[in-house]
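Below: one structure, written as structure tokens.
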Amino acid sequence: MRLKNVPGSRQAVAESDLVIKQPEQYKGAWAKKIFANENPIRIEVGMGKGKFITTLAGLNPSVNYIGIEKYSSVLIRAVEKAEADPLQNLRFIRMDAEDIEDVFGKGEIDRIYLNFSDPWPKDRHAKRRLTSQRFLARFAHIIKDDSLIEFKTDNRELFEFSLAEAPAAGWEIIASTFDLHNDEELCAGNIMTEYEEKFSALGHPICKYIISLKH
Ligand code: SAM
């Protein structure tokens, strides 16, 4: 993905109280220390400008949400929105999800959302895909038993790869579709992401799976 540099975004993100600095220090204690409650924590990994997670947080005040994004130049858009209209249950981390096990404790996370994750089309980059076995193993450490990962993409090749990776990494596919917007059951309550709006407007069908760890 090509990113536009947004001048000042790195500093603005670094200065915002809504972006948690040195997140490793809260490992195992996010609900208590950051949100001052015992509510479940749900994260979006690769949240971009944050429309999806911000909407979810507004709709569900009894769930804590954390948006994770690698680049300040996109994260800044979510931070600006959240500063203008703060939500007690929404925070952000600027980090590479490769280090996610350093930041969250075992079973600390109640649900993981992956939306329109970068496809990394070259075979030699497959390990960077957020739905690869390597990332699913990291997610398995931080997610509660019986909790879910929900993944959406318009990229058919990435989706087929992801459908094969999940069972190989010990996850069970609970539901899947190659055409979310025409699947009444899976689309109920669907919240569109920025990329979902863009690609569905171009006529791309949206794929989705829901997986949970096999016992
Ligand atoms: N989820 C948003 C949406 O659906 O509109 C943004 C999708 S965009 C294609 C993918 C985002 O994931 C980018 O903003 C990228 O910087 C972020 N990303 C990719 N790999 C990441 C990683 N390893 N850790 C954190 N963020 C990552």
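Start at 1 and go down the list; that is how both ligands and their atoms are numbered. In what follows, every heavy atom counts, from backbone to side chain, and hydrogens, waters and symmetry copies are set aside.
Ligand 1 lies within reach of Met95, whose nearest heavy atom is under 4.0 Å from it. At least one heavy atom of Glu69 sits less than 4.0 Å from an atom of ligand 1. For Glu44, the heavy-atom gap to ligand 1 drops under 4.0 angstrom. Ligand 1 has Asp118 within reach: a non-hydrogen atom of the residue lies less than 4.0 Å from it.
Against a heavy-atom cut-off of under 4.0 Å, Thr193 is close to the following atoms of ligand 1: 3 (C), 4 (O), 5 (O). Less than 4.0 angstrom separates some heavy atom of Asn115 from each of these atoms of ligand 1: 1 (N), 2 (C), 4 (O), 7 (C). The atoms of ligand 1 that sit less than 4.0 Å from any heavy atom of Tyr71 are 16 (O). The atoms of ligand 1 that sit less than 4.0 Å from any heavy atom of Glu194 are 5 (O). Less than 4.0 angstrom separates some heavy atom of Gly48 from each of these atoms of ligand 1: 6 (C), 14 (O). Heavy-atom proximity to Asp96, at under 4.0 Å, picks out these atoms of ligand 1: 22 (C), 23 (N), 24 (N). Each of the atoms 4 (O), 7 (C), 8 (S), 9 (C), 10 (C) of ligand 1 lies under 4.0 Å from some heavy atom of Phe116.
Aromatic ring pairs are classed by plane angle as parallel below 30°, tilted from 30° to 60° and perpendicular above 60°; the pair Phe178 and Phe159 is perpendicular. Note on ring orientation: taking the six-membered ring where Trp is involved, the planes of Phe104 and Trp30 are tilted (angle from 30° to 60°).
For the side chain to side chain contact (heavy atoms under 4.5 Å, CB included) test with Ile43, the passing option among Ile100, Ile53, Ile93 is Ile100; the others fail.
Phe161 carries Arg129 over the face of its six-membered ring, with the cationic atom under 6.0 Å from the centre and within 45° of the normal.
Counted within 6.0 Å of CD on Glu24, heavy atoms from surrounding residues, nucleotides or ligands total more than 12; the atom is thus considered enclosed.
Within the set Phe135, Phe199, Tyr195, Phe52, the minimum heavy-atom distance to atom 8 (S) of ligand 1 is found for Tyr195.
Atoms OH and CZ, on Tyr65 and Arg111 in that order, are 8.0 Å from each other to the nearest 0.5 Å. The CZ atom of Arg91 lies 8.5 Å from the CG atom of Asp17; values are rounded to the nearest 0.5 Å.
No side-chain donor-acceptor contact under 3.5 Å links Gln88 and Asn64.
In this structure, Asn190 and His181 have side chains that are in contact, with non-hydrogen atoms separated by less than 4.5 Å.
At least one N/O-N/O distance between Gly46 and ligand 1 falls below 3.5 Å. The distance criterion of under 3.5 Å between nitrogen or oxygen atoms is not met by Ser117 with respect to ligand 1. When only interatomic distances are considered, the shortest N/O to N/O separation between Glu196 and ligand 1 does not fall below 3.5 Å. Remark: ligand 1 and Ile68 share no N or O pair separated by less than 3.5 Å (distance only, no angle test).
Residue-level proximity to ligand 1 for Arg128 is absent, since no heavy atom of it falls below 4.0 angstrom. Residue Met47 touches ligand 1 through its backbone alone, judged by heavy-atom distances below 4.0 Å.
Under the 4.0 Å criterion applied to side-chain N and carboxylate O atoms, Glu194 and Lys198 are not assigned as salt-bridge partners. Between Glu69 and Arg94, no side-chain nitrogen of the basic residue sits less than 4.0 Å from a carboxylate oxygen of the acidic one, so the salt-bridge criterion is not met.
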